[in-house]
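Quick notes on the structure that follows.
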Amino acid sequence: SSGINAEYGADDEDRKPKGPAIIVRPVHRAAQNESYEFKFAIAGMEELDESEVSLWKVVKGEEGPELAETDFDVELKTLTEDEITQMIEEKKEKLKEILERLEEKREEIKEWLKEKKGDIKEWIEEKKEA
């Protein structure tokens, strides 16, 4: 549908993504004059023209954040379908392990709270009286 969108004030067509999706951690903190390496992915249906890839950094400007050119060396690797599938499976497994550890910690905290319930109530009463 191509009507005016009240929230954005633009036609739906104007909001469609232009180009491939970029997958990257939203914030990277790097020290000045230090080497820094990070990974990102470009997901698209067409073959990527590496000469069209450029990275910009956000810097403090006089009136707020501004984009500035960088001197990063960009190395790109095209993954096969099998490599992508393997990477996704590895990420799923890692996430599953993290969730299991979180659940273990949650149970430990619940047990600790049960043990300390009386002490916590006593501490709250002391604070109320103070």
Side-chain angles (χ1 to χ4, degrees):
S1 68
S2 167
I4 298 294
N5 183 304
E7 183 178 349
Y8 295 100
D11 285 332
D12 293 343
E13 297 298 318
D14 293 338
R15 290 193 348 245
K16 286 190 178 176
K18 311 277 193 271
I22 309 298
I23 303 160
V24 64
R25 197 173 75 216
V27 176
H28 293 262
R29 302 204 188 279
Q32 191 170 7
N33 299 322
E34 294 289 327
S35 317
Y36 183 71
E37 182 177 309
F38 66 96
K39 294 182 179 181
F40 63 96
I42 302 170
M45 298 303 289
E46 299 175 16
E47 189 169 334
L48 181 68
D49 179 356
E50 293 182 22
S51 67
E52 293 295 318
V53 175
S54 58
L55 293 176
W56 295 80
K57 61 183 172 182
V58 179
V59 297
K60 290 182 183 177
E62 289 182 23
E63 297 181 19
E66 295 179 355
L67 293 178
E69 290 189 32
T70 66
D71 57 357
F72 289 120
D73 293 325
V74 178
E75 295 179 22
L76 300 174
K77 176 184 175 187
T78 301
L79 300 179
T80 65
E81 187 175 342
D82 289 341
E83 289 172 317
I84 292 169
T85 301
Q86 179 181 354
M87 183 178 66
I88 290 169
E89 290 304 316
E90 288 170 2
K91 297 285 183 190
K92 283 181 180 178
E93 189 60 36
K94 188 174 181 179
L95 183 58
K96 182 179 174 186
E97 290 170 10
I98 291 168
L99 291 173
E100 287 171 357
R101 285 198 311 265
L102 283 173
E103 184 59 31
E104 289 170 9
K105 289 292 177 189
R106 182 176 168 269
E107 291 302 318
E108 287 176 23
I109 291 169
K110 283 171 62 175
E111 285 301 314
W112 183 86
L113 286 171
K114 282 181 187 176
E115 291 172 13
K116 301 294 181 181
K117 188 175 183 178
D119 294 340
I120 293 169
K121 284 183 176 182
E122 186 178 313
W123 180 83
I124 290 171
E125 290 303 320
E126 287 174 8
K127 292 297 176 186
K128 284 180 183 178
E129 293 171 5

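The number of heavy-atom neighbours closer than 6.0 Å to CD of Glu47, taken from other residues, nucleotides and ligands shown, is 12 or below. Under a cut-off of 6.0 angstrom, the local environment of CD in Glu97 is crowded, with over 12 non-hydrogen atoms contributed by other residues, nucleotides or ligands. Within a 6.0 Å sphere centred on CD of Glu103, heavy atoms belonging to other residues, nucleotides or ligands number more than 12.
Using a 4.0 Å cut-off between charged side-chain N and carboxylate O, Glu108 and Lys105 make a salt bridge. Ion pairing between Glu69 and Lys57 fails under the 4.0 Å rule for side-chain N and carboxylate O.
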Start with the C-alpha gap between Phe40 and Ile23, add the side-chain angles, then the distance that decides, and say whether side-chain contact (heavy atoms from CB on, under 4.5 Å) holds.
CA-CA 6 Å; Phe40 63 96; Ile23 303 160; over 6 Å; no
Please determine whether salt bridge (Lys or Arg N to Asp or Glu O under 4.0 Å) holds for the pair Arg101 and Glu104, giving the CA-CA distance in whole Å, both sets of side-chain angles, and the decisive distance to 0.1 Å.
CA-CA 5 Å; Arg101 285 198 311 265; Glu104 289 170 9; over 6 Å; no
Derivation of the side-chain contact (heavy atoms from CB on, under 4.5 Å) call for Lys117 and Lys114
CA-CA 5 Å; Lys117 188 175 183 178; Lys114 282 181 187 176; 5.9 Å; no
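With rounding to the nearest 0.5 Å, the separation of CD1 in Ile84 from CD in Glu89 is 13.0 Å. Lys39 NZ to Glu37 CD: the interatomic distance, rounded to the nearest 0.5 Å, is 7.0 Å. Within the model, atoms CD1 of Ile109 and CG of Leu102 stand 9.5 Å from one another, a figure rounded to the nearest 0.5 Å. Note that CG of Asp119 and CD1 of Ile124 are 11.0 Å apart. Values are rounded to the nearest 0.5 Å. Interatomic distance, Lys110 NZ to Leu113 CG, rounded to the nearest 0.5 Å: 10.0 Å. Between the CD1 atom of Ile98 and the CD atom of Glu100 there is a distance of 10.5 Å, given to the nearest 0.5 Å.
Using a 4.5 Å heavy-atom cutoff, the side chains of Met87 and Leu79 are in contact. Inter-residue side-chain proximity for Glu66 and Lys60 is flagged as unmet; no heavy-atom pair is nearer than 4.5 Å. No side-chain heavy atom of Lys91 sits under 4.5 Å from any side-chain heavy atom of Lys94.
Heavy-atom minimum distance, Gly44 versus Pro20: CA-CB, 3.9 Å.
Cluster annotation: Trp56 is not connected to Ile22 through the hydrophobic network of ILVMFWY side chains, with a link wherever side-chain heavy atoms come within less than 4.5 Å.
Classification of the Tyr36-His28 ring pair by plane angle, with boundaries at 30° and 60°, yields perpendicular.
Of the possible polar contacts, one joining the Thr70 side chain to the Leu55 backbone as a donor-acceptor pair under 3.5 Å is found.
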